[in-house]
Protein chains: 2
Amino acid sequence: MKTREEIRGFFKAKQVPLTHQRLAVYEELAGRKDHPSAEALYESLKQNYPSLSLATVYKTLQTLHDMGMVSRVPSPISQARYDACMAVHHHAVCVSCGKIVDVFDPRLDSVAVPSLPGFKVSGHSVHFQGRCARCGKADRSKTN
Amino acid sequence: MKTREEIRGFFKAKQVPLTHQRLAVYEELAGRKDHPSAEALYESLKQNYPSLSLATVYKTLQTLHDMGMVSRVPSPISQARYDACMAVHHHAVCVSCGKIVDVFDPRLDSVAVPSLPGFKVSGHSVHFQGRCARCGKADRSKTN
DNA sequence: TTACTAACGGATAATTATTATCTACCAAGG
DNA sequence: CCTTGGTAGATAATAATTATCCGTTAGTAA
């Protein structure tokens with residue numbers, strides 16, 4: 001948990017103006033451990049900031065993400081992606097174009113199962129991020 | 001890759017009617033290895049099945065998923081979820097209510113990096129699926 | 001084959017999540 | 001303070017997905 005001065009320092013370092021809304025969104029998110037969605041943050045925040053707009057929450061989360069102050073729980077580019085292969089396997093997702101490739105590697109099929117009180121683990125998969133061959137070369141691609 | 005008779009057998013076993021559309025969607029998906037979205041499947045399929053509806057593709061993918069014939073690339077319940085914690089960590093997602101809990105376990109922080117020709121891996125995270133304490137007991141919960 | 005019926009498919013409206021647009025306003029530096 | 005570029009709020013627009021409605025079809029039995 002960062003102090004307000006540390007937060008201010010982060011914004012200064014990145015040359016991003018620190019507004020009341022950004023501070024509020026960040027502190028609300030940092031004070032929670034349930035990985036809220038933009039909507040969920042908005043619901044909490046508007047009690048103390050009735051004039052806050054949901055769009056601001058979205059924009060602020062994007063800004064904080066660009067600054068490297070918050071992370072998104074990894075997921076494929078906004079669309080559900082399907083696979084007819086039901087065997088245990090893993091995925092590598094290109095952060096640039098969203099391309100997904102299968103990863104078959106038995107070394108990944110059994111990992112240390114952490115102790116999560118009350119949580120019954122039924123499976124796992126490893127999600128690699130990176131850049132595919134095409135996006136690695138020619139940056140700025142958006143085609144899958 | 002399943003034969004048509006095997007596919008027919010699967011549907012019979014689950015007592016789910018096998019329609020032309022379902023067969024077409026399944027075979028198209030099984031014939032691809034790029035994890036297409038519903039939209040992408042629709043684009044391919046409508047060349048051979050001009051009357052096919054996008055809604056049918058969505059419904060069919062849901063049906064196939066319920067039957068255990070196709071898998072979805074794991075992701076958090078349709079909404080982006082955020083986290084102020086920037087340290088390396090992993091996640092466990094409740095398949096019933098979507099609750100996400102952090103997993104800190106240094107044993108997961110370094111995994112075997114598979115050889116993916118051309119793909120530059122910049123990071124990874126392990127995604128556990130299961131049922132949280134609440135959903136493990138009282139089934140049928142939808143509240144996070 | 002034919003007939004029956006529950007379930008399905010297609011068209012489209014509705015919903016949900018997110019992003020873009022536009023104007024007034026505020027944060028940071030002089 | 002005062003200027004100015006970036007920002008916040010309101011709202012429209014877009015994208016992804018799901019629901020609804022009704023004619024049609026798959027599966028079964030006669």
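Please read all numbers here as calculations on a predicted model, not as lab measurements. A, B, ... follow the sequence lines: proteins, then strands. Residue 1 opens every chain.
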Response to the item:
To the nearest angstrom, the CZ-P distance between Phe11(A) and dA28(C) comes to 10 Å
Worksheet item: Base, sugar-phosphate, or nothing: which does Ala38(B) touch, judged by heavy atoms less than 4.0 Å apart?
Response: nothing
Worksheet item: Should Tyr58(A) be listed as having a side-chain N or O under 4.0 Å from OP1 or OP2 of dT18(C)?
Response: yes
Discussion item. Can you work out whether Gln15(B) or Lys59(B) has the more 5'-proximal nearest nucleotide on DNA chain D?
Written reply: Lys59(B)
Worksheet item: How far does the helix from dT1(C)-dA30(D) to dG30(C)-dC1(D) bend, going by the axes of its first and last five pairs, to the nearest 10°?
Response: 40°
Worksheet item: Is the distance from OP1 or OP2 of dT7(D) to the nearest side-chain N or O of Thr19(A) less than 4.0 Å?
Response: no
Discussion item. For the aromatic rings, using the six-membered ring if either is Trp, is the centroid distance between His124(A) and His90(B) under 6.0 Å?
Written reply: no
Item to complete: Find which nucleotide of DNA chain D each of Pro17(B) and Ser53(A) is nearest to by heavy atoms, and output the residue with the more 5' nucleotide.
Response: Ser53(A)
Worksheet entry | N-O pairing of Arg4(B) and Glu27(B) below 4.0 Å | yes
Discussion item. Heavy atoms only, 4.0 Å cut-off, all strands: where does Ser78(A) land among base, sugar-phosphate and nothing?
Written reply: sugar-phosphate
Worksheet item: OP1 or OP2 of dC26(C) sitting under 4.0 Å from any side-chain N/O of Gln21(A)?
Response: no
Discussion item. Quick check on dA26(D): is either OP1 or OP2 less than 4.0 Å from any side-chain nitrogen or oxygen of His20(B)?
Written reply: yes
